[in-house]
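For reference, the structure is listed below as structure tokens.
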There are 2 protein chains.
Amino acid sequence: MATDLFLQNGFAGTSMSAIAKASGMTKASLYYHFANKEDLFIACVTDGYQHALSSLETIVADDQASPEEKLSQAFDTLYDTVINSAVGRMSPLIAEVSRAFPQVARSFREEYILPHEALVAQILAQGTKAGVFKPIDKKLMSHLFIGPIVTLSLSREMFAKFDDLDEHFPVGELKAGHLEAIKALILIN
Amino acid sequence: MATDLFLQNGFAGTSMSAIAKASGMTKASLYYHFANKEDLFIACVTDGYQHALSSLETIVADDQASPEEKLSQAFDTLYDTVINSAVGRMSPLIAEVSRAFPQVARSFREEYILPHEALVAQILAQGTKAGVFKPIDKKLMSHLFIGPIVTLSLSREMFAKFDDLDEHFPVGELKAGHLEAIKALILIN
DNA sequence: GTCTATACAGTGATAGAC
DNA sequence: GTCTATCACTGTATAGAC
């Protein structure tokens, strides 16, 4: 609710009055639940963490799938999460708020980014152990793996109101090409 | 000047009073030069376009260098531009402002993003013509080429105030690994 | 072209009744 | 736990003198 408003109008562009109205409350009631605007924002951000991580966790824990299948599933999940979910789309917003409130950045990193990276690293480690993936530096893999997805999400947010959005940023094709590129980089033989 | 303020505090977080003060003017004088805040912001953004493009243009026009050398030089330029220059760092800011003023996004795309992509595409086309690069889809290449760099810039903005910035986001290493990955993807033999 | 002064809407946040 | 009413303040923008 408040999350949607923040996404649409930014942090400074979303007033407590607007949030109260959208929540069917008055401002004063809102301030009964949250000490201030930052706390409310942080609640919005952390609220979205859980679900985004759980789908990756089930992929990692799957005993049936091969490392290559898991990699493909991780791509599906990450593209879906970063591009469609509220938390994923919030990156630029978090960057904006982080300037004034660095603890927002810290919490985002520790509770969202690092667990994500760790899960992706686990999938890659499973593949390396099975002898099908080359070992690769973890930071570099995050750079090449998550980088394009976040930028795609940012671009799509930026051009959300344009009617040729999907023509210029075709998620499916870009995802497929990206996956092939990563495979070319890490698959053995 | 105003650009730096926008970068530090976001669009809504930067007041006309603050800009006027930093410019050694009063608010009223500022409004003599710019009709409103958006116009001033657009002026800041477009102002940075020129230089950012010119360095890529000289690389493309170079008759001496091999396509592989040009690719490496383009990496140096893009990393430097996106991470260090004002325009490059402005992407999240432009995303913020674009929600309210879509023409900002359009101008950014047409005058900055598309020319950039076209120049990179030219380097790749030169390599393909010379028989050293495989042909590759233009949109995909932008996704894989520019995506990681923009996300790196965004991350570094987000964690700019943290003392372990360069440890977590080591530009040099990531750039080198990224270049190797792109080469693995497009180099023939 | 730059200034002082100001209009006026909206902001985050609080006091106190119910 | 929610309300009405209000606080002090800052925001964008403008009028009019010099």
Side-chain angles (χ1 to χ4, degrees), chain A residues 1-48 86 90 92-108 158 161, chain B residues 1-48 86 89-90 92-108 157-158 161:
Chain A
M1 199 106 75
T3 305
D4 293 333
L5 286 177
F6 280 130
L7 270 174
Q8 276 173 37
N9 308 312
F11 179 77
T14 303
S15 70
M16 293 297 270
S17 316
I19 297 172
K21 196 175 178 183
S23 311
M25 278 182 184
T26 57
K27 244 194 309 185
S29 298
L30 207 55
Y31 274 101
Y32 175 81
H33 293 284
F34 301 95
N36 49 44
K37 197 179 170 183
E38 304 94 76
D39 278 13
L40 197 160
F41 178 78
I42 292 176
C44 288
V45 174
T46 51
D47 192 43
M90 271 191 165
L93 191 50
I94 291 168
E96 176 196 351
V97 179
S98 291
R99 290 179 208 114
F101 309 102
Q103 79 272 20
V104 173
R106 177 143 276 160
S107 127
F108 183 64
M158 213 148 126
K161 292 195 177 160
Chain B
M1 199 105 77
T3 306
D4 293 333
L5 287 176
F6 281 130
L7 271 174
Q8 275 172 37
N9 309 311
F11 179 77
T14 303
S15 70
M16 293 296 269
S17 316
I19 296 172
K21 197 176 177 182
S23 311
M25 277 182 184
T26 57
K27 248 193 304 186
S29 298
L30 208 55
Y31 274 100
Y32 175 81
H33 293 283
F34 302 95
N36 50 43
K37 197 178 169 184
E38 303 95 75
D39 277 12
L40 197 160
F41 178 78
I42 292 176
C44 288
V45 175
T46 51
D47 191 42
R89 295 163 56 205
M90 271 191 165
L93 191 51
I94 291 168
E96 176 196 351
V97 179
S98 291
R99 290 179 208 114
F101 310 100
Q103 78 273 20
V104 172
R106 176 142 278 159
S107 127
F108 184 63
E157 289 300 310
M158 213 148 128
K161 291 195 177 161

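Labels below follow one simple rule: chain letters A, B, ... track the order of the sequence lines, proteins then strands, and each chain is numbered from 1. Source: prediction; values computed, not measured.
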What orientation do B/F6 and B/F11 show, parallel under 30°, tilted 30 to 60°, or perpendicular over 60°? parallel
Please tell me if the side chains of A/L40 and A/L30 come closer than 4.5 Å, counting only heavy atoms from C-beta onward. yes
Does the A/R99 side chain pair with the main chain of B/E157, one donor and one acceptor, at a distance under 3.5 Å? no
Calculate the interatomic distance between B/Y31 atom OH and C/dT6 atom C1'; express it in whole Å. 14 Å
Find the distance B/K21:NZ to D/dT10:P and express it as a whole number of Å. 11 Å
Has B/T26 got a side-chain N or O lying under 4.0 Å from the OP1 or OP2 atom of C/dT2? no
Taking for each residue the nucleotide of DNA chain D with the nearest heavy atom, is it B/K27 or A/S29 whose nucleotide lies nearer the 5' end? A/S29
B/M25 CE to B/H33 NE2 distance, which is reported to the nearest 0.5 Å: 4.0 Å
Name the residue closer to the 5' end of DNA chain C, choosing between A/A28 and A/T14 according to the nucleotide with the nearest heavy atom. A/T14
B/M16 CE to C/dT2 P: how many Å, rounded? 14 Å
Contact class for B/S23 (heavy atom, under 4.0 Å): base, sugar-phosphate, or nothing? nothing
Spatial distance of atom OG1 (B/T14) from atom NZ (B/K37) [nearest 0.5 Å]: 6.5 Å
Rounded to whole angstrom units, what separation is found between the CZ atom of A/F11 and the P atom of C/dT11? 13 Å
Closest to side chain of A/K37, choosing from C/dA13, D/dT12, D/dT4: C/dA13
Give the rounded distance in Å between these two atoms: CG of B/L30 and P of C/dT4. 14 Å
Mind calculating the distance between NE2 (B/H33) and C1' (C/dC3) to the nearest angstrom? 12 Å
For A/Y32 and C/dA13, what is the distance between atoms OH and P respectively, to the nearest whole Å? 18 Å
Look at all strands and tell whether A/S15 reaches a base, only sugar-phosphate, or nothing, counting heavy atoms closer than 4.0 Å. sugar-phosphate
I need the CG-P distance between B/N36 and D/dT12, as an integer number of Å. 11 Å
